[in-house]
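Accompanying notes for the structure given below.
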Amino acid sequence: MDFAPSYTPEQEAFRSEVRAWLSEHMPKTGGDLDSDENYRKFRQLGRDLGKRGWLRPTAPKQYGGGGLDVASAIVLYEEMDAYGLPIPPYYDSGGWLGGASILVWGTEEQKQRLLPPIFTGDVVTWQLLTGPEAGSDLAGTKTDARRDGDEYVINGEKIYVGGSHGADQFWTITRTNPDGDRHKNLSWFMIPANLPGITVRPMELLGDGGEGIGAGVKNTVYFDNVRVPAANLVGGENNGWQVASTHLELEHGSGGSVGRNRWFTRALRWANEQQRDGRPLIEDPEARDRLVDIFVLTEISRLFGLRNFWMNRTHQPMTYEGPQSSYFRKLSGLKITEALHSLFGPYALTHDERWDFSEGTLDAYQRSAIVALHPGGTADIQKVIMARRIGMGREERESAGKTVE
Amino acid sequence: MDFAPSYTPEQEAFRSEVRAWLSEHMPKTGGDLDSDENYRKFRQLGRDLGKRGWLRPTAPKQYGGGGLDVASAIVLYEEMDAYGLPIPPYYDSGGWLGGASILVWGTEEQKQRLLPPIFTGDVVTWQLLTGPEAGSDLAGTKTDARRDGDEYVINGEKIYVGGSHGADQFWTITRTNPDGDRHKNLSWFMIPANLPGITVRPMELLGDGGEGIGAGVKNTVYFDNVRVPAANLVGGENNGWQVASTHLELEHGSGGSVGRNRWFTRALRWANEQQRDGRPLIEDPEARDRLVDIFVLTEISRLFGLRNFWMNRTHQPMTYEGPQSSYFRKLSGLKITEALHSLFGPYALTHDERWDFSEGTLDAYQRSAIVALHPGGTADIQKVIMARRIGMGREERESAGKTVE
Amino acid sequence: MDLSLTESQQLLKQSVEDFIEREAPRDTLVELQQTERGFNDTIWKTAAETGWLGMLIPEQYGGGGAEFTDAAVVYEALGHAPMPGPMFSSGVLSAQIIQHVGSEEQRQRHLPAIASGEVICTFALTEPEYRWGLHGVRMRPREDGEHYVLDGAKLFVYDAHAADYVITAVRTGDGEDDIGLLMVDTKTPGISTRRLGGFTSSESEVIFQNARVPKSALLGRPGGVRNALDRALMNATPLLCAYQVGGAQAVFDLSVKYSRERVQFGRPIGRFQFVQNHIVQLVNHLDAARWTTYEALWKLDSGREATVSVHLAKAVTSEGYREACDYAHEVHAGTGVMREYGLTLFTRLSRSLYHALGEPRYHRKRLADLVATIAVD
Amino acid sequence: MDLSLTESQQLLKQSVEDFIEREAPRDTLVELQQTERGFNDTIWKTAAETGWLGMLIPEQYGGGGAEFTDAAVVYEALGHAPMPGPMFSSGVLSAQIIQHVGSEEQRQRHLPAIASGEVICTFALTEPEYRWGLHGVRMRPREDGEHYVLDGAKLFVYDAHAADYVITAVRTGDGEDDIGLLMVDTKTPGISTRRLGGFTSSESEVIFQNARVPKSALLGRPGGVRNALDRALMNATPLLCAYQVGGAQAVFDLSVKYSRERVQFGRPIGRFQFVQNHIVQLVNHLDAARWTTYEALWKLDSGREATVSVHLAKAVTSEGYREACDYAHEVHAGTGVMREYGLTLFTRLSRSLYHALGEPRYHRKRLADLVATIAVD
């Protein structure tokens, strides 16, 4: 067993190259990371990374990816992580997930046309999954797409979409046969964001101004007789549930991660800096207990993510591991917020400019951990999937969706 | 609001009477409370109490009960509780629960014939509810009763029955119409324990030698063509589910209690007596935290029990309160065992005569708290009933079973 | 034994609920929450005129002289709204402190004004080195003739941004008991208050810069404060618990309702046992909070020693309200985090009140000290 | 990065599983549990002959010289049975102590006998004032010529009733480091061992009454024991964790199987979400235990600093195994508490091993000390 990625001399050389490049290109940012100004800088960094194939390091080269091996990709993630940034350095889960579905289900023409803009950072893509009527029950969507000549006409509404800074394109799942059997009446579309009939309106949610770049605001997207070229239907008519299974699988956590949850190191730093009765908070036994609570939870999360990363990238057969990781992360998020509240008291709830020592992150996390319970499937949905994959009460065990990474 | 029972001068006089009587009649016991010798003493105490109508203080006088008001009954419970004993001072949940069902559903003839032996302590009654095939799904019993002239012929098997010291009679629920609709094919019988064809065999269970008098051993009862007089059918043929609803309701906790869980005071005493590093364990901050954990859990349990006692005795409309109390008690039992284990370390697991300071109660509780998860309905079944009574996902709210107390 | 509300308590409850339905339905409260002040004059005037505000204040000082349980019925209904505003800070907490710590003259001067709503008052204990309890008080006034001169900051003071007076705990010496409480007028030069931003309810900073407070502002006598203050806190806390119980009840009501109305996979979601499990855990927390609170109130009303029960109630209620909201969010998923739906009004309060008058750990530690000395039978 | 077992590890795992299926199926183990000794010679001989017992012992001392992860594969499979007997106490814990604390001469004398199974050895630390860790050691030998004379009791010593030697921790002075480890022959006059009754696995008392132990029984040199012992404990602990992981896995397997076979209300119970919830929580505990354990083993094998990972693994694994059994009992209801079914074999172990080598609180406290000093980035 080996928990550490091992690197060839070539890969170590690659690390030096990446490190040098990043130190030169990393923009100066500060304050609210979700501000327009900061976003523009990160967006530019994304384009620059994309030009080198570093935005989607393991995606095939012919579609604009980096074509790199897993170890080199980890090198890239690690070096970006040193700046506290993911790849891409702005909100683009739509590109990540939609790209994966197109890679699996798209025609060659679609891959050549749709993937390069995503993989090179030319476009930002939003996923449109949830409707007012269809939350956990995604397949119950009432957004309809009706064929009309070479186009489909889309009507409906999707909620909890995207971030604060707009997108170039959307993908979504629609009903193409309202009378068809469940799961066999859906179709998957890539949709330019600027088509007539599309309206985007910000929602008012608990997580506003939440943690992370561009993850703050969510939007409602309305479709009013929006005409989408039939060429943008991916995976064939009424095959949308299959196409969705790919990105759902990844969204449920089966892609894994090599990153670390930063809450432990942050809490540790603040517990060293904050004073209580003239002594550092870290010397208080209660505070130490809460720090260990956070440490234990984040270590387990990290190990689940690492296991999934390895399984996914080395194509081990996966079953319940994705939703397990997702479930654990959601629930431990709530527990961590309570531990932080216990640790820092009312400081955990304020982003007041005079008193908050956390640059707004503590307060934002108290809210975003609640908001995080539902996206990518509620905690309950993760359990539903785990039960099917483990085969509780049934001999046949459902298998995981097909992904590439 | 008034959480304390209030007593009239007559009731206070009654307390003096009870106290004097108990101090005279309370037997000397010691060692394993479940030993044959101790049991005989408690059984005699029960008969003596029964003669005075103190065994079932609130049951109607004409059937052998005490006919006392609620406050006087509480006086009795409190005075017995001072000796660490319930009423009756031996295992007779079958008499308590079966008696309640007969009171509600029996004919006048049956009440006059069946209740006095129970209420005066002449007989010990076991309830036979669970079958190998029918645990949570009680109505799925495969114990059959076939009418034959003035008798019913019973065949089948019931498990997790009774205690270590035998019983005089059983009651059980049987299937009288294998082809009938669910819940409408069951009948409820009182059965003398000495009928031909009945075999009682002890089971080997985790809780052997568990806490409480006579609650240690459980048995399997086999029925092999047992002929029961039709006069012992209570509530009419195929009406057994209704009859059962009464005792199930009580078993699910709706009767409540005025007693206190003793684990906190015990743990507190031991924590004062036990030494660590030359100082009483109680001075250890961790130990104090665990004591408070136990205190909080047992206080909540006590308050749920008290609320239910009051609601039941004053005939407030009850819905989910019974199963809530039962659920909370089951789950907090597990948490208390972990707190005790944390408090006393390996001492929590041994009844070794040289080293155990708890007279076997700690070790027994580690096991009996696990065993207690299922009797009277599993923790999950309590939740099922709560959901129906609260009306989760449905407008109509199921009401609680009919009880008298 | 009688665990029911009296008839007059039921009427009281109904009157608060009627007012809320009329004047402060949930969408109004959602809007109000976004405002700087957080409450409005209708609410405040009604609280004063109906007597809810001064219920606990003895009649001779212009209050209602009600029992604790009566007042709790009102605060539970207010928590169910959840009604914003400094009712608890002023009418319960500050009034109790003045009543128990202040001199007769001070009672006569301040309590009627509080009861009538004319004056809003709050209590400032904690400082930047946050810790609940008197040993966290470091602010030490300088004496200057007939004045104390104050410098420093009090933090996380509930409702200070709306208060006329802040009862400010200061240190008068190095001993544990050397604590003084100053009735500080917020219009005093050198004093500023400001509401803190974030996921708090109505917590503020109070900054003192060379602020001169007359010595007559000292409540009671120096050195004799601890016990009287403790008594006031023990009396006030269960009312805050009742407010939390009301909130948990509302969150339960919302969840059950949503479990019936929201349909997914062709069934109301309340038919799914995963969802049922959330609501079962929620109602267990709710009822634990309710009955520990009621018992503490009854002990106060009947003159019993209530300290253990009060600490128990605050620990259980604070943990329970927080958990109740977490479970409600699991039931509601995306809908629950939409501002307009209103669930987050409660979530916010469940967080902020978690540490009000001491976080659960504080009360558990005090419980440990108390129960460890209980006579062992 | 490679998180899979090697081919030879898979073969090893298979060979243990084959042996268990053949010689120690669950009903055999249920019977064995009822016996005084708790294990039998077939088990012991096989453990010795196949080399499982001495796997971790270096080859020059008659062992297998295997890596930690190899040995963990075996111990996980043993825990899955769950196989009883002093394999861990003797072949891992005692052998590690002798290897790290003992002199070269002592290693050569004892380790081959342990590896061959000829001699059974265990480690006695805790005393009646139970507390894990060296500061709980109070037993102080008297010196008498070439002997130490021992009086007192060691308690909760795993497998002492079956042991030929008990490595006994004694105090040699008042300083923290003044600890000696004596290789005590249990046949020495004045020494008695007795298995404790109850819900423990195989914990015993060892009573010393004027027992004379030659000074040559002292492992290593006095005063230099702490670090070497700590190293031995850090090496041994993850193997116990692996045994616990195997147990939690078995409990998961049983629960999933039962969820398919047990029918109530016309459906396999695993179709009910309440039951699914238990199994989901169970598998989360199982996998948390598994991966924290594996990472600790990998750190040991690759020569990395492993202390944090070992404490993390033991805390998570002990809590997890206990919780796993609780959830399994919820799934199994009445069936789970029938002795013949076998689930309680695991439940018993999950309790006893909860405090073996220190209860979770102990490891969390040590974790706190370690992580509090991690350099803050």
Which region of [X], side chain (C-beta onward) or backbone (N, CA, C, O), has a non-hydrogen atom less than 4.5 Å from a non-hydrogen atom of chain A, or is it both or neither?
X         : value
Gln273(C) : neither
Ala356(C) : neither
Thr344(C) : side chain
Pro128(C) : both
Leu343(C) : neither
Thr347(C) : side chain
Arg361(C) : side chain
Leu345(C) : neither
Arg348(C) : neither

Could you grab the distance from atom [atom1] of [X] to atom [atom2] of [Y], nearest 0.5 Å is fine?
X         : Y         : atom1 : atom2 : answer
Thr378(A) : His329(C) : OG1   : NE2   : 14.5 Å
His278(C) : Asp380(A) : NE2   : CG    : 3.5 Å
Asp326(C) : Leu334(A) : CG    : CG    : 4.5 Å
Leu155(C) : Trp355(A) : CG    : CH2   : 4.5 Å
Glu330(C) : Ile370(A) : CD    : CD1   : 11.0 Å
Arg267(C) : Asp137(A) : CZ    : CG    : 12.0 Å

Segment of [X] engaging chain C (4.5 angstrom heavy-atom cut-off):
X         : result
Asp284(A) : side chain
Ile159(A) : side chain
Pro132(A) : backbone
Ala134(A) : backbone

Would you check if the side chain of [X] reaches a backbone N or O of [Y] as a donor-acceptor pair within less than 3.5 Å?
X         : Y         : value
Glu204(A) : Met338(C) : no
Arg276(A) : Tyr130(C) : yes
Asp363(A) : Phe199(C) : yes
Gln264(C) : Gly135(A) : yes

So which residue, Ser352(C), Gly334(C), Pro360(C), ends up with the most heavy-atom pairs under 4.5 Å with chain A?
Gly334(C)
Answer yes or no: are there more than 12 heavy-atom neighbours, outside Glu261(C) itself, under 6.0 Å from its atom CD?
yes
May I ask you to check whether Phe156(C) and Tyr347(A) place their ring centres under 6.0 Å from each other?
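Under 6.0 Å, so yes.
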Could you go step by step and tell me if Arg322(C) and Thr337(A) meet the side-chain hydrogen bond (donor to acceptor under 3.5 Å, both in side chains) rule?
CA-CA 11 Å; Arg322(C) 191 183 167 108; Thr337(A) 62; 3.2 Å; yes
Mind ranking His351(A), Glu353(A), Gln274(A), Lys330(A) by heavy-atom pairs under 4.5 Å with chain C and telling me who comes out on top?
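Most heavy-atom pairs within the cutoff with chain C belong to His351(A).
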Highest number of heavy-atom pairs under 4.5 Å with chain C: which of Ser342(A), Ala379(A), Gly345(A)?
Ser342(A)
Can you name the residues that form a salt bridge (Lys or Arg N to Asp or Glu O under 4.0 Å) with Arg171(C), not counting sequence neighbours?
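Expected list: none.
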If the threshold is 4.0 Å, N to carboxylate O, is there a salt bridge linking Arg138(C) and Asp277(A)?
yes
Using a 4.5 Å cut-off on heavy atoms from C-beta on, say whether the side chain of Glu133(A) contacts that of Val263(C).
no
If you define the side chain from C-beta out and look only at heavy atoms, does anything of Glu286(A) sit under 4.5 Å from Lys365(C)?
yes
Heavy-atom closest pair, residues His355(C) and Pro346(A)
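Here His355(C) and Pro346(A) meet closest at NE2-CB, 3.3 Å.
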